[in-house]
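To keep things clear, I will list the structure first and then write my remarks on it.
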2 protein chains.
Amino acid sequence: MKTPIPKPTRVADAYEMLKDEIRSNRMPPGFQAPEPEIAARLGMSRTPVREALIRLQAEGLVELIPRRGARVLPIRAEDMQEIYEIFTSLEPDAAAALARTNPTQAQLQPLTDATAAMERALDTDDLDAWAEADDQFHRHLLNLHGNRRLSGILETLYDQAHRARMITLRLREVPLQSTQDHRDILEALKNGDAERTRALFRRHRERAAFELLNILENYKLPLL
Amino acid sequence: MKTPIPKPTRVADAYEMLKDEIRSNRMPPGFQAPEPEIAARLGMSRTPVREALIRLQAEGLVELIPRRGARVLPIRAEDMQEIYEIFTSLEPDAAAALARTNPTQAQLQPLTDATAAMERALDTDDLDAWAEADDQFHRHLLNLHGNRRLSGILETLYDQAHRARMITLRLREVPLQSTQDHRDILEALKNGDAERTRALFRRHRERAAFELLNILENYKLPLL
DNA sequence: TATTGCTTTAATGCATACATTGATGTGTGC
DNA sequence: GCACACATCAATGTATGCATTAAAGCAATA
């Protein structure tokens with residue numbers, strides 16, 4: 001029995017390409033273009049592009065404005081506030097639930113690896129790698145927890161937050177504390193200490209939100 | 001300045017109609033039909049139907065199976081478990097945050113009304129009205145809290161859970177406890193007691209999940 | 001110059017056409 | 001009766017055409 005590999009179709013291509021352009025800020029916040037133009041750029045007709053855009057709109061990355069085309073959503077401090085509030089609610093509970101299952105070292109390996117990668121990245125001053133590893137930690141944690149809907153929701157929000165994080169990444173202190181947070185959380189998970197895991201995670205997200213929002217508000221970045 | 005009223009377009013119609021059919025179980029879990037058939041039934045071409053279906057898929061109500069058409073997702077106990085776990089994480093925090101703002105009686109009026117409606121519905125043995133009022137309570141609460149993304153996420157999940165709730169509504173005891181929960185939560189909100197609000201809400205959702213899952217598993221309902 | 005109204009332009013929303021390709025059914029050989 | 005190859009059918013994925021209508025440009029007027 002073969003696993004049905006979803007054949008890459010044009011809609012899927014358009015979706016991937018556009019999402020990548022947006023995440024990478026190559027299509028910056030506020031960028032706007034009519035469907036025909038995007039279609040031309042992607043070398044396909046309007047139909048698959050339109051369908052991809054509908055998905056991206058549902059995921060909160062673009063806005064479809066009648067007669068004006070698709071607009072890449074701006075990065076507003078309020079949006080990040082909303083997003084981080086949700087992180088702060090969901091992730092600590094998910095992590096605590098995972099801790100309660102008394103996961104084995106082997107199971108936690110992806111998290112150990114991600115944490116190690118974060119530390120390595122700090123040593124080599126590679127902030128992009130750091131951000132990537134940080135992301136991986138959070139995603140793997142959710143996978144381990146196993147609630148697929150929860151994963152889906154949070155991944156959508158990670159995508160939304162990604163651009164802001166990349167922009168602010170170099171405007172703040174080296175993320176020593178954040179890296180240490182991960183180390184601590186991992187430790188609590190290994191010990192199966194649910195309450196400690198939850199508390200640590202909550203603090204982790206509260207701090208992250210505080211830092212991010214400070215930067216966004218102080219620097220008044222050109223995010224529209 | 002006039003508020004731009006989103007003119008009802010065919011896609012929007014298709015979306016609303018299909019969503020309504022699904023929520024009401026007129027298109028029952030497991031129902032499957034090819035796009036052309038749905039389009040014919042709605043009296044429009046495939047294009048708007050397809051676009052509506054893409055949205056509904058993103059919202060977890062249908063599944064688009066290549067060559068087989070759109071399929072209304074089944075109601076599985078595991079899905080409800082996932083959903084209620086998310087409720088249990090998000091709503092208590094949101095309610096606690098609201099309590100922390102020391103809301104006035106006037107602000108809480110929609111919740112008072114909803115609670116009263118629940119009690120009235122119990123008196124008159126109108127379970128549908130009860131469910132409706134229950135829903136309203138939760139939605140209004142989120143509105144008051146103000147995190148739009150949070151509202152969006154939870155509303156999507158309410159929709160997903162709706163069908164299961166309606167099916168099980170008459171298979172369980174009269175929801176006295178649940179109604180009382182709302183009364184208590186409202187009281188805690190009025191008192192601005194964040195921690196009590198959170199605790200009550202969490203218990204409320206935990207109990208609801210327990211009951212719902214029990215019914216789903218025991219009755220082995222034909223939900224596929 | 002600012003305002004109003006008209007003309008032009010062009011993007012969307014939708015319908016339709018069509019090629020591709022998986023699913024279904026039939027017939028043949030064993 | 002069963003398996004397999006093949007022919008048929010039909011649904012999707014995509015392209016394209018077209019009417020509608022908002023936006024932008026322009027002109028005439030105050």
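Numbers restart at 1 for each chain; the letters A, B, ... are given by sequence-line order, proteins then strands.
Between D/dA15 and A/Ser45, a contact under 4.0 Å exists linking OP1 or OP2 to a side-chain N or O.
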Worked verdict on A/Leu111 versus A/Leu144 for side chain to side chain contact (heavy atoms under 4.5 Å, CB included): CA-CA 10 Å; A/Leu111 301 186; A/Leu144 290 175; 4.0 Å; yes

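With hydrogens and angles ignored, the 3.5 Å screen pairs no side-chain donor or acceptor of B/Thr9 with any backbone N or O of B/Ala12.
Atoms CG (A/Leu42) and P (D/dT14) sit 13 Å apart, rounded to a whole Å. One atom, CD1 of A/Ile38, and another, C1' of C/dA11, lie 12 Å apart when rounded to the nearest Å. The interatomic distance linking B/Ile54 (CD1) with C/dG13 (P) rounds to 14 Å, in whole Å. Here C/dG13 presents its P atom at 13 Å from CG of B/Asp13, a figure rounded to the nearest Å.
Under the salt bridge (charged side-chain N to carboxylate O under 4.0 Å, His left out) criterion, B/Asp134 pairs with B/Arg165, sequence neighbours left out. In this structure, the ring-ring contact (aromatic ring centres under 6.0 Å, His included) partners of A/His138, at least two apart in sequence or on a different chain, are A/His182, A/Phe201, A/His204.
Using a 4.0 Å cut-off between charged nitrogen and carboxylate oxygen, B/Asp181 and B/Arg205 do not count as a salt-bridge pair. Salt bridge absent: B/Asp93 and B/Arg202 never bring a charged side-chain N and a carboxylate O closer than 4.0 Å.
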Could you encode protein contacts along nucleotides 6-13 of chain D as a string, one character per nucleotide from 5' to 3', using B for base contact, S for sugar-phosphate-only contact and - for no contact, with a heavy-atom cut-off of under 4.0 Å? -----BBB

